[in-house]
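Each residue takes its place number in the sequence, starting with 1. Quick caveat: nothing in here was measured; it's all calculated off a predicted structure.
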Amino acid sequence: MLTAADAGDAAALLAAVPAGRRVALVDPRFVGHVHALRLGLTDPRFPAAALPGALTAQAEARPALVRALQRTTAAVGAGAPTAEPEAGAETAPQTAAEPTTGQTAGQATGQTAAPAAAPAPEDPTLPGRIAAALEAEGTPVHRPALGSLVAAVPADAEQEAAAVAGLTSVDDEAVRLRSAVKAHDGFFTTFCISPYSRYIARWCARRGLTPNQVTTASLVTALVAAGAAATGTRGGYVAAGILLLVSFVLDCTDGQLARYSLQYSTMGAWLDATFDRAKEYAFYAGLAIGAVRGGDDVWTLALGAMVLQACRHVVDFSFNEANHDAVANTSPTAALSNKLDSVGWTVWARRMIVLPIGERWAMIAVLTALTTPRIVFYALLVGCSLAACYTTAGRLLRSLTRKARRTDRAAQALADLADSGPLAQAVAAVAPGLRGAFTVPAAALLGALVMIGSALFLPYGSWLTVAAAGVYVLLSGLAVARPLKGALDWLVPPVFRAAEYVTILVLAARSDVPHAVPAAFGLVSAVAYHHYDTVYRIRGGTGAPPGWLVRTIGGHEGRTALVAVLAAVLTHASGFTTALTALAVAVALVVLVESIRFWVSSSAPAVHDEGELA
């Protein structure tokens with residue numbers, strides 16, 4: 001921590017700091033809670049951030065900061081009161097957040113922190129002027145919502161006296177603990193997990209544990225739970241249920257630890273986004289293995305539960321991506337939903353009816369301990385089906401009643417989520433494109449029904465199923481021949497997911513080939529990972545996986561057609577299981593290697609995903 005005599009001295013000190021380091025500029029008169037400084041100066045997700053009397057910039061915003069400081073210095077002159085900053089010229093996020101007292105070492109203030117939307121010019125200090133100059137140049141400056149936390153630069157004795165009362169009346173550690181909990185969560189998580197998991201998060205933070213370590217511990221615990229379920233004994237099922245709940249507590253703790261200690265990272269985003277699905281699907285597999293050991297083959301139910309859950313998620317993802325930046329986004333259905341949010345009991349009822357991860361895992365854990373795997377999967381299929389009908393119906397109503405124009409970015413996101421491979425792209429390149437308000441989702445749905453219907457009702461191994469796959473390829477290409485900007489075009493990706501996953505499930509279940517369904521479970525798991533990876537890349541603002549990856553693994557229509565061909569060629573032969581296993585391994589290797597390369601690279605966004613309720 002270095003002290004500058006005036007604005008010119010601050011510019012010189014900042015210029016001397018190595019370019020790759022984060023820097024902070026703090027007015028020496030700043031007074032506020034320690035956690036206010038943490039929020040303003042140590043969050044790694046934002047290149048530049050500010051709060052009253054303080055400003056920080058990471059490496060990517062350093063050049064703009066230097067230019068803004070030079071311009072501001074010329075404007076205010078050296079030696080002015082607002083130009084006597086304290087330059088924290090080599091502050092890593094941790095060192096800026098280490099003070100253990102309840103307030104900073106500055107003088108007192110009575111000014112409550114400005115809300116996140118407060119305009120920068122209202123802060124007359126040098127850091128405030130520089131923040132305004134950065135924004136004028138086009139560099140976004142994040143301003144955290146501080147709520148009751150105090151952060152200000154006092155101008156007179158009256159403000160100083162009021163500040164003492166403000167600092168002592170608010171316990172910033174209590175605020176820090178409350179803010180570590182996600183604002184919108186399910187009933188079970190909010191009332192049964194978060195009241196104590198936040199203290200586990202604080203315990204982890206004080207012992208130097210990272211969110212990634214807690215996330216990994218949650219995964220390991222869930223895998224042990226799956227192993228216990230795979231024993232097929234009552235004791236194993238009881239242990240599995242308990243361990244699954246412990247894994248969920250740790251799953252909540254990792255996000256709370258990240259928010260409590262502001263430890264957001266690219267690796268954390270990847271782990272948090274994918275491990276939940278890995279844990280849940282591994283537990284399904286453990287239950288299926290345990291059931292087989294007890295003489296009950298429930299692999300088809302396990303795969304059905306996984307397919308249903310994945311399709312539910314892609315409905316949410318696709319709808320959100322299609323509408324998050326829509327122009328003139330109005331809907332009477334959305335207005336009614338917002339009105340219901342003001343009625344307390346309806347909020348919790350609506351959150352529970354969608355069977356979010358907390359309620360779902362609690363149900364799985366209790367039923368695993370007390371009943372059989374078959375009952376667990378029946379409950380999952382019924383509960384998730386009802387939830388899917390509720391959420392999809394709501395999204396359909398919003399889409400039909402909202403007057404909105406889809407943006408090019410939204411259309412591109414839907415095209416990426418569609419996961420069209422070389423075959424569909426070849427059709428789209430020569431097709432004229434479908435016109436009409438609802439023809440695109442209708443074509444996609446028709447293709448899915450032809451594909452799934454042929455797998456269900458034609459004789460297993462029939463070459464007519466392969467012909468149906470050809471029709472599916474044709475209709476899939478027609479559906480994506482034009483930009484997906486229609487009111488219901490967000491349905492295209494979920495329809496494609498359902499067509500691919502259900503076709504694989506049906507053909508494996510009807511094959512009567514030993515272990516074909518477990519092999520199909522592995523294949524759908526690998527493909528679903530690719531689709532989740534695509535979603536979280538788009539959310540991070542980096543776009544979909546590279547085109548070569550989609551072409552290499554064939555796209556949804558290519559994989560569907562390939563499985564249909566394998567079923568026809570390898571009818572009633574153990575080779576079908578071998579082929580599905582080989583395909584699953586190949587897809588998993590390609591997508592995992594590329595995904596790991598991306599998420600550990602510097603191009604990946606430093607984000608922390610708040611997660612979907614479902």
Applying side chain to side chain donor-acceptor pair (under 3.5 Å), name anything that partners Arg62, two or more places apart in sequence or on another chain.
-> none

Listed partners of Asp276 passing salt bridge (charged side-chain N to carboxylate O under 4.0 Å, His left out), at least two apart | Lys279

If we only count heavy atoms from C-beta on, is the His33 to Val170 side-chain gap below 4.5 Å?
-> yes

Between OG1 of Thr216 and CG of Leu250, what distance do you get to the nearest 0.5 Å?
-> 11.0 Å

Considering only heavy atoms from C-beta outward, does the side chain of Leu177 approach that of Tyr199 to under 4.5 Å?
-> yes

Contact check, side chains of Ser218 and Phe275, non-hydrogen atoms, under 4.5 Å | no

Leu245 and Ala362: which non-hydrogen atoms are nearest, and at how many Å?
-> CD2-CA, 4.1 Å

Within-4.5 Å side-chain heavy-atom neighbours: Asp254 and Leu271 = no

Rounded to the nearest 0.5 Å, what's the gap from CZ on Phe30 to CG on Leu37? Could you check?
-> 4.0 Å

Indicate the atoms forming the closest heavy-atom contact of Thr139 with Ala61, along with that distance.
-> CG2-CB, 4.5 Å

Return the set of residues passing ring-ring contact (aromatic ring centres under 6.0 Å, His included) with Phe248 (not counting sequence neighbours), or none when no residue passes.
-> Trp361

Heavy atoms only: give me the nearest Tyr260-Arg176 pair and the separation to one decimal.
-> O-NE, 2.9 Å

Intermediate values then yes/no, side-chain contact (heavy atoms from CB on, under 4.5 Å), Ile200 and Val214 = CA-CA 10 Å; Ile200 300 175; Val214 178; over 6 Å; no

Intermediate values then yes/no, side-chain contact (heavy atoms from CB on, under 4.5 Å), Phe188 and Met352 = CA-CA 8 Å; Phe188 179 77; Met352 292 175 68; over 6 Å; no

Test side chain to side chain donor-acceptor pair (under 3.5 Å) applied to Ser595 - qualifying residues, sequence neighbours left out = Trp270, Tyr529, Asp533

Decide yes or no for Tyr196 and Ile193: does some side-chain heavy atom of the first lie under 4.5 Å from some side-chain heavy atom of the second?
-> yes

Partners passing side-chain contact (heavy atoms from CB on, under 4.5 Å) against His142 (at least two apart in sequence or in another chain) = Phe46, Ala49, Pro144

Just by distance, with hydrogens left out, do Arg312 and Thr391 show a side-chain donor and acceptor under 3.5 Å apart?
-> no

Can you tell if the side chain of Leu51 reaches within under 4.5 Å of the side chain of Leu39, non-hydrogen atoms only?
-> no

Mind checking what makes ring-ring contact (aromatic ring centres under 6.0 Å, His included) contact with Phe191, not counting sequence neighbours?
-> Phe187, Trp348

Could you give the distance from CZ (Arg21) to CG (Leu14), rounded to the nearest 0.5 Å?
-> 13.5 Å

What are the two closest non-hydrogen atoms of Leu25 and Pro127, and how far apart are they?
-> O-CG, 3.7 Å

Give the C-alpha distance, both sets of side-chain angles, the deciding distance and a yes or no for side-chain contact (heavy atoms from CB on, under 4.5 Å) between Met363 and Leu380.
-> CA-CA 8 Å; Met363 180 184 73; Leu380 270 173; 3.9 Å; yes

Can you check whether Ala217's main-chain N or O pairs, donor with acceptor, with Thr221's side chain at less than 3.5 Å?
-> yes

For Glu280, check salt bridge (charged side-chain N to carboxylate O under 4.0 Å, His left out) against everything at least two apart and list the hits.
-> Arg277, Arg360

Roughly how far, to the nearest 0.5 Å, is CZ of Phe283 from CD1 of Ile364?
-> 7.0 Å

All side-chain contact (heavy atoms from CB on, under 4.5 Å) counterparts of Ala11, not counting sequence neighbours | Leu69

Mind checking side chain to side chain donor-acceptor pair (under 3.5 Å) for Ser318 and listing every partner two or more places apart, or none if nothing turns up?
-> none

Would you give me the side-chain donor-acceptor pairs under 3.5 Å for residues 203-211, sequence neighbours excluded?
unit_1: Arg207; atom_1: NH1; unit_2: Trp203; atom_2: O; d: 3.2
unit_1: Thr210; atom_1: OG1; unit_2: Gln213; atom_2: N; d: 3.2

Looking only at heavy atoms, what is the nearest atom pair of Ala68 and Ala133, with distance?
-> CB-CB, 3.7 Å

Using atom types as modelled and distance alone, determine if a side-chain donor or acceptor of Thr392 lies under 3.5 Å from a backbone N or O of Cys389.
-> no

Look at the side chain of Ser194 and the backbone N and O of Thr189, then say whether any donor-acceptor pair between them is shorter than 3.5 Å.
-> yes

Among all residues two or more places apart in sequence or in another chain, which pass the side-chain contact (heavy atoms from CB on, under 4.5 Å) test with Arg178?
-> Ala174, Val175, Arg198

Separation of Phe598 CZ from Ile596 CD1 (nearest 0.5 Å) = 13.0 Å

Please check if the side chain of Asp272 supplies one atom and the backbone of Gly268 the other of a donor-acceptor pair under 3.5 Å.
-> no

Shortest non-hydrogen contact from Leu146 toward Ala151 = CD1-CB, 3.7 Å

Determine, stepwise, if the pair Asp27 / Leu126 fulfils side-chain contact (heavy atoms from CB on, under 4.5 Å).
-> CA-CA 7 Å; Asp27 192 292; Leu126 180 68; 5.5 Å; no

Is there side-chain contact between Pro493 and Glu321, with at least one heavy-atom pair below 4.5 Å?
-> no

Salt bridge Arg395-Asp316, side-chain N to carboxylate O under 4.0 Å | yes

Non-hydrogen side-chain atoms of Trp490 and Val315 separated by less than 4.5 Å | yes

Looking at His35, Arg259, Gln256, which one forms a side chain to side chain contact (heavy atoms under 4.5 Å, CB included) with Ser179?
-> His35

By side-chain contact (heavy atoms from CB on, under 4.5 Å), which residues pair with Ala544, not counting sequence neighbours?
-> Asp416, Thr534

State the CG-CD distance between Leu417 and Gln412, to the nearest 0.5 angstrom.
-> 10.0 Å

